[in-house]
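Working notes, structure below.
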Amino acid sequence: MSVTVRLPDGKATEVSGAQSAFETIAQVDPALAKASLVARMDSRLVDLSTVPREGSTIEPVTNGDPEALEVYRHSSAHLLAAAVLELFPGAKLGIGPALMNDPKGGFFYDFKRDEPFTPEDLASIEERMRALVKKNLPYRRIEMGKAEALERFSQDELKCHLIGEKGDAVASFYTLGDHFIDFCRGPHIPSAGRIRAFKLLSVAGAYWLGDEKGPPMQRIYGQSFFTREEMEDWLKQREEAEKRDHRRLGRELDLFSIQDEYGAGLVFWHPKGGLIRRAIEDFTRDELERRGYGLVFTPHIAQHSLWVKSGHANFYSDAMYAPMAIDEIEYQLKPMNCPFHIGIFAARQHSYRDLPIRLAELGTVYRYERSGVMHGLMRVRGFTQDDAHHFCTPEQARAEVLGCLEFALHVYRTFGFQYTVELSVRDPKNPAKYLGDDAMWSMAEENLALALEELALPYQRMEGEAAFYGPKIDIKVVDAIGRAWQLGTVQFDFNLPERFRIEYIGEDNRPHRPIMIHRALFGSLERFFGILVEHFAGAFPLWLAPVQVSVLPITEKQNDYAQRVREQLSGSRLRAEADLRGEKIGAKIRHAQLQKVPFMLVCGAREAESDTVAVRERHRGDLGAMRVDEFAARARSLVEARSLELNL
RNA sequence: GCCGGUGUAGCUCAGUUGGCAGAGCGACUGACUUGUAAUCAGUAGGUCAGGGGUUCAACUCCCUUCACCGGCUCCA
């Protein structure tokens, strides 16, 4: 038997007589074989114990290989399950995949067991895992026919379900130690001794197959890395993310609150959070006007019949609050702004010469979120959307999409976000799912793609991810610590224009149905604000900072001077405070520092005599003395430029 | 909604087998008059999440409601 071995440097060698992928590699480079975790055989990952096929190409896969970590973590999950089965023999196995780039961890395993796992159990499971690593237990692959597998696992309903659904003619299983065997595609690392750094993180509830009607499972999350250092770095990063938690910073910086006695998921914006929100709103409104949007306002409630007409009462009722009767007519708190904007469009007749019409609103909507899913500002029951709808002709669609995208990118860059783009189109295999005719869909998908290409924006095409009413572009932003957040969306809507029968009069003097494009840049202002807090870790750029400058007199003798400086700054439209407490300068600085105030202006006797201030910048510290008017002018220009930096 | 956990002063958290409610920070008052991340002293601040029960006695035990935290298929 002859097999080709290809090494990472690209060198290929012909080898014969090897019984396993490991031996094959070892014939060329024994050290590399030992370092390998799995092998790639004809571009598929396989166990090192796999018997090579005649004529196949084998490549070693080591730590350095991007795919290796996923296998390693999957094997870590099996290690977890093996330990659990030794300690808790009655537990039944669910699924146990590897997770990549998930803040929750690097792997998990689901178990079905009557008793809950306690935090103390986690510690003993982890200890057992270490013992199994020490024993260097091998991961063994067992293959059997599907029928045989179903027979052998007939006691295990969950596994039979998976085997029935996923198994090919041959089903594969892996064992680890004497107690663990699970249906698993593999591949796995050769033995548990290779797992160097791991940690169990938490235990949580989950449903079998994510289905609420299915049996409840207990999920144990863990993380693993090739080295201890990587593990520690990850834990540190996690701590860093915790420090940025908008719920914590929201309280510490007095930005907002959510008060359970007034309602879960309902946000109270405090003055400081309100200032930031207004800065964001002013920015968007300026941009909207500049870009030819009409700014509109619509009511919070409307007759329920409107939502019947729009279809929301049908397919969206789960998220809608119950209607209320007013004068025996049912009214509905709005979960969306779209029907109202349609109402404005339809309030008068339009010529094709009027188009495109762009209507924008910061519209507050209310949606029912189930009690367990609320999360700070990220998931709430009442929020304000930066919502807009474009009504245009098919010929104008591309320019409108382009305008939306340019707008979105401008906004995200202003806040210092990176971004990635997805284009969601129809599932060609399931045409019945979608509303509207083929030609419309093709036009829309093409225009979305062309606009992306015109901007040279790299994007991922998501087949079958379009909504039933139209294709869309989604933009995800990436924050300062690399987390992705779904924010912007540009969607075609073929449903509402049809349902409301809106029209414009075309050049041919006949009525036509306009194209409707729905777009949002922030999605929800509440959520966007939460993301911003975490992105900046509460240290907002000058144009957003609720307190931009804090004036700090060294002793009470400079209090009057500090007040005058503060007034002068306010006169220059800078948001300034003076700290007149009877504290030492160190304490005042610490206070301003913890409040993440961008500039601190220290005034002692020297400064008071010369109309200057000693400027201290949040991150860089003391910058030396500067005339007050000069500081004000420079700070103003930073504000006007919406600078992300504090370089005076 | 479901699984697990948590709920004590504005914040972070102690509080033994059921037996008088605690600390640090913060707030307030006073003294100090201070030069780049915490001056000292004093004072106030609590329906122990809400409701019900067991008990001579409940922050503590039981039931229940509410809220919050972690999670609820990136496929065996």
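Residue numbers start from 1 in every chain, and the chains themselves are labelled A, B, ... in the order their sequence lines are given, proteins ahead of strands.
Residue-level contact check: A:L594 touches the bases, meaning some heavy atom is under 4.0 Å from a base atom. Nucleic acid contact for A:E583: base, since at least one base atom lies under 4.0 Å from a heavy atom of the residue. Contacts of A:M374 with the nucleic acid, taken as non-hydrogen atoms under 4.0 Å apart, involve only primed sugar atoms and P, OP1 or OP2. Contact annotation for A:K104: backbone-only contact, meaning every heavy-atom pair under 4.0 Å involves sugar-phosphate atoms and none involves a base. When heavy atoms are screened at a 4.0 angstrom cut-off, A:P116 is found touching the sugar-phosphate backbone but no base atom. Using a 4.0 Å heavy-atom cutoff across all strands shown, A:G586 reaches sugar-phosphate atoms only and no base atom. Contacts of A:K584 with the nucleic acid, taken as non-hydrogen atoms under 4.0 Å apart, include base atoms. Counting any heavy atom pair closer than 4.0 Å across all strands shown, A:A592 reaches no nucleic acid atom. Within the 4.0 angstrom heavy-atom criterion, base atoms lie near A:D102. As judged by a 4.0 angstrom heavy-atom cut-off over every strand, A:E607 is placed among the base-contacting residues. Within 4.0 Å of A:I589, counting heavy atoms only, lies at least one base atom of the nucleic acid. Among the heavy atoms of the strands, none lies under 4.0 Å from A:H591. Looking at heavy-atom distances under 4.0 Å, A:G186 makes no contact with the nucleic acid at all.
Note: A:F173 and A:F153 meet the aromatic proximity criterion, with ring centroids under 6.0 Å apart.
Residue A:A264 places its side chain closer to B:rC68 than to any other of B:rC68, B:rU36, B:rA38. With B:rG71, B:rC74, B:rU33 as the choices, the nucleotide that has an atom nearest any side-chain atom of A:Y221 turns out to be B:rG71. In the set B:rA37, B:rC2, B:rU39, B:rU39 carries the atom at the smallest distance from any side-chain atom of A:A587. For A:A204, counting side-chain heavy atoms from C-beta on, the closest listed nucleotide (B:rU36, B:rA27, B:rG70) is B:rG70. In the set B:rG35, B:rA38, B:rU33, B:rA38 carries the atom at the smallest distance from any side-chain atom of A:R590. The nucleotide whose nearest atom lies closest to any side-chain atom of A:R606 is, among B:rU33, B:rG35, B:rA67, B:rG35. Each of B:rA37, B:rA27, B:rA38 was ranked by its minimum atom distance to the side chain of A:R581; first place goes to B:rA27. Checking B:rA37, B:rU73, B:rG35 against the side-chain heavy atoms of A:R219 singles out B:rU73 as nearest.
Nucleotides of RNA chain B nearest to A:F108 and A:S172 differ in position, and the one nearer the 5' end is that of A:F108. Comparing A:G604 and A:Y368 by the nucleotide of RNA chain B whose heavy atom lies nearest to each, the residue mapping closer to the 5' end is A:Y368.
Ring pair A:H188/A:Y139 is parallel by interplanar angle, where below 30° counts as parallel and above 60° as perpendicular. Classification of the A:H78-A:H74 ring pair by plane angle, with boundaries at 30° and 60°, yields perpendicular.
Taking atom CZ of residue A:R379 and atom C1' of nucleotide B:rC72, one finds them 12 Å apart after rounding to whole Å. Rounded to whole Å, the distance from CZ on A:R238 to C1' on B:rG70 is 10 Å. For A:R113 and B:rG4, the CZ to P distance is 12 Å, given to the nearest whole Å. In this structure, A:L580 places its CG atom 12 Å from P of B:rC28, rounding to the nearest Å. Computed from coordinates, the A:D121 CG to B:rG5 P distance equals 11 Å when rounded to whole Å. The CD atom of A:Q595 sits 13 Å away from the C1' atom of B:rC11 (whole-angstrom rounding). The distance from atom CD of A:E261 to atom P of B:rC68 is 11 Å, rounded to the nearest whole Å. Taking atom CD of residue A:Q218 and atom C1' of nucleotide B:rG70, one finds them 14 Å apart after rounding to whole Å.
Straight-line distance between the P atoms of B:rC56 and B:rU12: roughly 38 Å, to the nearest whole Å. B:rA44 and B:rG30 have their C1' atoms separated by 14 Å, given to the nearest Å. One C1' atom belongs to B:rC74, the other to B:rC69, and the distance between them is 24 Å to the nearest Å. B:rG18 and B:rA58 have their P atoms separated by 13 Å, with the value rounded to a whole Å. Of the P atoms belonging to B:rG4 and B:rU64, the separation is 13 Å, rounded to the nearest Å. Look at the C1' atom in both B:rG51 and B:rG15: the space between them is 24 Å, to the nearest Å. The P atoms of B:rC59 and B:rG52 are separated by 14 Å, rounded to the nearest whole Å. One P atom belongs to B:rC61, the other to B:rC28, and the distance between them is 38 Å to the nearest Å.
Within the shown strands, B:rC3 is the pairing partner of B:rG70 under the Watson-Crick or G-U definition, both distances less than 3.5 Å. The nucleotide B:rG10 finds its pairing partner in B:rC25, both defining distances of the Watson-Crick or G-U wobble pair being shorter than 3.5 Å. Applying the Watson-Crick and G-U wobble criteria (two distances, each under 3.5 Å), B:rC32 pairs with nothing in any strand. Pair assignment for B:rA44 gives none, since no Watson-Crick or G-U wobble pairing has each distance under 3.5 Å. With a cut-off of 3.5 Å on both pairing distances, B:rA38 has no Watson-Crick or G-U wobble partner at all.
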- [ ] Decide salt bridge (Lys or Arg N to Asp or Glu O under 4.0 Å) for A:R566 and A:E577; before the verdict, give the C-alpha distance in whole Å, the side-chain angles of both, and the deciding distance to 0.1 Å.
- [x] CA-CA 6 Å; A:R566 191 195 61 74; A:E577 281 184 356; over 6 Å; no

Open item on the list: For a salt bridge (Lys or Arg N to Asp or Glu O under 4.0 Å) check, start with the C-alpha distance between A:K159 and A:E157, then their side-chain angles and the critical distance, and finish with the verdict.
Closed with: CA-CA 6 Å; A:K159 285 295 137 183; A:E157 204 187 315; over 6 Å; no

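Both cation-pi conditions hold for A:R113 and A:F117: the charged atom is under 6.0 angstrom from the six-membered ring centre and inside a 45 degree cone around its axis. A cation-pi geometry, defined here as NZ or CZ lying under 6.0 Å from the six-membered ring centre and within 45° of its normal, holds between A:R73 and A:F225. Cation-pi geometry between A:R219 and A:F108 is satisfied (NZ or CZ under 6.0 Å from the ring centre, within 45° of the ring normal).
At the phosphate of B:rG70, OP1 or OP2 sits under 4.0 Å from a side-chain N or O atom of A:R247. For A:R251 and B:rU12, the shortest distance from a side-chain N or O to OP1 or OP2 is below 4.0 Å.
For the 3.5 Å distance criterion, the side chains of A:S317 and A:H312 fail to qualify, holding no donor opposite an acceptor.
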